[in-house]
2 protein chains.
Amino acid sequence: MSRSSTSRSISTTEPRAPTLTDVAEAAGVSYATADRVVNQRGNVAAKSMRKVQDAMSALGYVRNLAAANLSRQRTYRLAFLLPGGRNAFFNRMRAHVESAATRLAADQITVEVIDIDAFAIKGLRQSLKALDASRYDGIAVVGLRADEIVEPLDDLGSTGTIIVGLVSDLPEKHRSAYIGIDNESAGRTAARLLGLAHGPGAKGRIQLLAGSLSSVDHAERLKGFTDVITSDFPMIKCLDPIMTRDRANAVKTAVEHALRKGSTTTALYNAGAGNAGLTTALRERNKRSRPLCVVHELVPHTLAGLREKYIDVVIDQRPDIEVNRAVTLMKDLIDGRQPLHTHALVPTIYLHDNVPCDVHGISPGNDKQT
Amino acid sequence: MSRSSTSRSISTTEPRAPTLTDVAEAAGVSYATADRVVNQRGNVAAKSMRKVQDAMSALGYVRNLAAANLSRQRTYRLAFLLPGGRNAFFNRMRAHVESAATRLAADQITVEVIDIDAFAIKGLRQSLKALDASRYDGIAVVGLRADEIVEPLDDLGSTGTIIVGLVSDLPEKHRSAYIGIDNESAGRTAARLLGLAHGPGAKGRIQLLAGSLSSVDHAERLKGFTDVITSDFPMIKCLDPIMTRDRANAVKTAVEHALRKGSTTTALYNAGAGNAGLTTALRERNKRSRPLCVVHELVPHTLAGLREKYIDVVIDQRPDIEVNRAVTLMKDLIDGRQPLHTHALVPTIYLHDNVPCDVHGISPGNDKQT
DNA sequence: CATTAATTGATTGACGTCTATCATTCCGTG
DNA sequence: CACGGAATGATAGACGTCAATCAATTAATG
């Protein structure tokens with residue numbers, strides 16, 4: 001119990017890690033044969049194979065990836081297909097990709113951002129078809145679950161390019177992985193927070209907002225949200241969602257309407273974007289009391305809303321983490337090794353009290369062209 | 001606006017990345033001179049230096065880290081100094097370190113876990129002094145801000161070993177970085193959530209629990225907590241914290257006492273550990289209503305508490321992310337390059353609705369010896 | 001046993017960088 | 001101009017792996 005310094009060696013800390021030459025020697029075969037085994041070149045007798053594999057596990061051989069990549073001149077050419085335009089969230093994500101690019105270069109990883117049409121099936125299809133697969137080893141796509149893009153996806157996949165869905169998933173069978181949050185769970189989380197914040201047994205009316213219902217993400221969030229309210233907070237009523245097409249103006253109008261004189265709306269939940277309109281509407285209305293507000297994504301306007309206490313909760317996807325994972329994951333898949341993280345990302349919940357003082361890539365107005 | 005496939009190349013996707021030979025050639029100097037510049041070996045004329053640097057930026061030269069490490073036989077020998085014993089949180093962290101070890105081996109990174117006395121200044125000092133600095137390039141220490149450990153830390157540091165604080169910080173001047181959450185902010189977050197959950201303008205009495213006040217983490221959390229309650233929820237009263245020494249039994253007793261017949265306690269906040277006692281106490285007491293509960297760290301018992309709705313909120317440090325960052329950070333520091341992440345980690349807030357179905361390393365009873 | 005096929009060994013030249021050595025050239029000083 | 005130190009060039013051998021070649025050995029077949 002009180003013994004200290006009990007070293008539990010995981011990787012044995014030997015003078016030097018064993019090389020394939022060591023393995024060959026231990027197995028009693030030539031380097032060439034050992035190489036044939038590890039690189040599966042065939043033409044190896046079962047007996048030799050066994051001897052080599054035994055030696056490998058006996059010595060704890062791990063192939064030196066750096067040396068291997070150096071030798072075969074492997075580089076990782078990655079691309080991020082992000083919606084262009086003025087979307088604050090994706091601007092933030094873009095900033096993270098760009099800042100990651102520099103440091104990744106040292107590891108022979110190149111990263112490109114390719115603009116695609118935001119959420120437009122046809123545009124996405126075009127962009128995918130226009131991609132020169134031979135130029136990329138992996139692409140991360142902010143996608144859609146639409147049959148129209150299956151064909152270009154499979155074309156890319158057939159050339160060996162790794163494809164992962166990012167933020168918004170692709171047709172499941174036609175990508176290797178998805179990196180993003182579980183939107184239904186996020187909606188449920190929002191509901192739980194709002195339900196709790198109404199106080200035990202209190203009545204309430206929550207105005208829902210969303211970009212559009214054809215956006216699967218928003219629909220999933222609303223579903224999760226209403227499910228939890230219905231089952232766990234029966235005294236609270238969810239009003240029919242207002243569609244804003246993620247436009248700040250539309251959000252502003254909707255919020256103003258929801259809070260017009262005599263309204264009994266107790267809370268707002270915006271499953272979509274355009275929250276600049278929300279803070280504006282609340283700021284202009286100078287009342288001491290305001291409805292509870294839960295929104296998504298930490299961007300300049302929602303950050304300001306949190307700081308100035310117009311917004312109670314921001315559920316954030318953490319694009320920095322998503323970019324990071326996307327890179328690691330694609331690299332793993334390209335290397336053909338078992339990826340580390342498998343479970344969905346859990347979004348970060350920001351309140352007035354836990355926003356980091358410096359939020360990278362959030363300061364507004366950075367449209368720098370690299 | 002509707003143009004698609006606007007490629008914005010960040011790292012120019014050339015046929016091949018330029019090597020130092022290319023740089024030397026472009027600069028009109030020999031490879032040896034170029035090498036003297038990049039490796040700062042001295043004995044280079046200012047003029048030559050300039051020429052090489054110009055060529056580097058002109059070609060966009062980035063040194064191939066893999067090749068460099070291969071050549072100089074660089075390995076990264078890391079150690080995690082974690083409190084041993086039965087602490088559920090650190091068991092989880094240990095599991096993450098161990099599972100990371102395998103995959104890191106391919107990148108010439110070895111990871112060891114070294115048990116230290118939990119939170120005991122003397123034990124920590126002993127463990128640090130017993131460390132053979134020449135065996136490690138970097139160590140991550142679950143530390144204490146105590147003057148007694150400054151000396152062993154500096155001894156380690158003077159041999160070039162990188163030292164980072166993990167979860168609980170070390171004396172600031174004597175470590176390179178800290179990886180962990182901002183505990184005061186976490187306490188404030190807990191307070192905000194509980195404050196909101198009381199409902200607008202509602203009265204309340206919150207029973208505070210903690211391991212001990214000599215534990216800086218717990219003290220910071222309590223400070224943040226009471227600050228927010230005092231300033232933003234004046235109708236709510238914080239009861240004097242009960243010290244549990246993180247023992248489940250003590251927590252159980254404290255909870256039972258707080259909820260004894262006639263009690264008007266509306267909520268519980270445990271800034272420390274030992275939540276097995278909390279769920280037990282709540283489970284045994286079969287009343288339909290229960291106080292709001294906010295606790296720290298997702299471990300088997302708190303997970304169960306969330307699922308069975310005995311606990312409302314779990315504020316989790318995400319040991320997986322912390323381990324990951326610690327490794328990346330130490331590697332960066334050893335390589336002498338600017339680390340990527342700087343701001344403190346934001347803990348994940350788990351509610352009943354967003355716990356991942358598979359929580360790695362949380363299943364109880366894994367005391368596997370590797 | 002001869003012939004063919006399968007398997008193995010031995011070796012070599014990359015890959016990009018580091019480290020070291022040694023010979024050469026340059027420059028300023030006396 | 002000669003000298004010495006500073007600066008530069010040229011080169012070579014690692015590092016661990018990949019990819020390829022060719023010769024040598026072994027096993028399988030009729």
Side-chain angles (χ1 to χ4, degrees), chain A residues 14-53 55-56 59-76 105-110 334-337, chain B residues 14-53 55-56 59-76 105-110 334-337:
Chain A
E14 274 159 27
R16 223 186 73 262
T19 72
L20 192 50
T21 309
D22 299 330
V23 172
E25 195 173 340
V29 301
S30 71
Y31 180 92
T33 301
D35 172 69
R36 283 188 258 260
V37 173
V38 300
N39 287 37
Q40 306 170 60
R41 299 188 204 277
N43 282 336
V44 179
K47 198 178 58 175
S48 305
M49 182 110 81
R50 175 132 260 125
K51 284 197 290 183
V52 172
Q53 282 164 342
M56 289 204 313
L59 297 185
Y61 170 75
V62 184
R63 155 162 147 281
N64 185 331
L65 232 190
N69 284 349
L70 176 61
S71 170
R72 47 162 65 122
Q73 295 208 76
R74 151 62 80 223
T75 59
Y76 304 86
D107 298 318
Q108 307 306 111
I109 301 174
T110 63
I334 293 168
D335 288 336
R337 58 175 167 175
Chain B
E14 275 160 24
R16 224 187 74 261
T19 72
L20 192 51
T21 310
D22 298 331
V23 171
E25 194 174 342
V29 301
S30 71
Y31 180 92
T33 300
D35 172 71
R36 283 189 256 261
V37 173
V38 300
N39 287 33
Q40 307 170 61
R41 300 187 203 277
N43 283 337
V44 178
K47 197 177 58 174
S48 305
M49 181 110 81
R50 175 130 261 123
K51 283 197 290 183
V52 172
Q53 283 164 342
M56 288 205 312
L59 296 185
Y61 170 75
V62 185
R63 157 162 144 280
N64 184 331
L65 230 190
N69 285 348
L70 176 61
S71 170
R72 45 163 67 125
Q73 295 207 76
R74 170 26 104 230
T75 59
Y76 304 87
D107 299 317
Q108 307 305 112
I109 301 174
T110 64
I334 292 168
D335 288 336
R337 57 175 168 175

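It should be emphasised that the depicted structure is a prediction, and the values quoted were computed from it without experimental measurement. Every heavy atom of this structure was used, including side-chain atoms; hydrogens, water molecules and symmetry mates were not. Within every chain, numbering begins at 1; the chains are lettered A, B, ... in the order of the sequence lines, protein sequences first and strands thereafter.
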Between L20(B) and R63(B), does the side chain to side chain contact (heavy atoms under 4.5 Å, CB included) criterion hold? Intermediate values first, please. CA-CA 7 Å; L20(B) 192 51; R63(B) 157 162 144 280; over 6 Å; no
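In this view, R74(A) and D137(A) satisfy the salt bridge (Lys or Arg N to Asp or Glu O under 4.0 Å) rule, not counting sequence neighbours. Applying the side-chain contact (heavy atoms from CB on, under 4.5 Å) test to R41(B) and every residue at least two apart in sequence or in another chain returns D35(B), R36(B), N39(B). Residues that satisfy the side chain to side chain donor-acceptor pair (under 3.5 Å) test with Y76(B), not counting sequence neighbours, are N69(B), D335(B). In this view, T33(B) and S30(B) satisfy the side chain to side chain donor-acceptor pair (under 3.5 Å) rule, not counting sequence neighbours. Shown here are the salt bridge (Lys or Arg N to Asp or Glu O under 4.0 Å) partners of R72(B), two or more places apart in sequence or in another chain: there are none. Remark: A27(B) pairs with V29(B), K51(B), V52(B), A55(B) by the side-chain contact (heavy atoms from CB on, under 4.5 Å) rule, at least two apart or across chains. For the side-chain contact (heavy atoms from CB on, under 4.5 Å) test, no residue two or more places apart in sequence or in another chain qualifies with S71(A). Not a single side chain to side chain donor-acceptor pair (under 3.5 Å) links D107(A) to another residue, sequence neighbours left out.
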Reading 5' to 3' through nucleotides 15-26 of chain C, protein heavy-atom contacts under 4.0 Å coded B for base, S for sugar-phosphate only, - for none: BBBBB-------
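Axis angle, first five pairs versus last five pairs of the helix from dC1(C)-dG30(D) to dG30(C)-dC1(D): 30°, rounded to 10°.
Rounded to whole Å, atom C1' of dA14(C) lies 17 Å from atom CZ of R74(A).
The side chain of N43(A) contributes an N or O atom lying less than 4.0 Å from OP1 or OP2 of dT7(C).
The footprint of chain B on DNA chain D, defined by a heavy-atom cutoff below 4.0 Å, extends from dA7(D) to dG16(D).
Around the CZ atom of R337(B), the shell of radius 6.0 Å holds more than 12 heavy atoms that belong to other residues, nucleotides or ligands.
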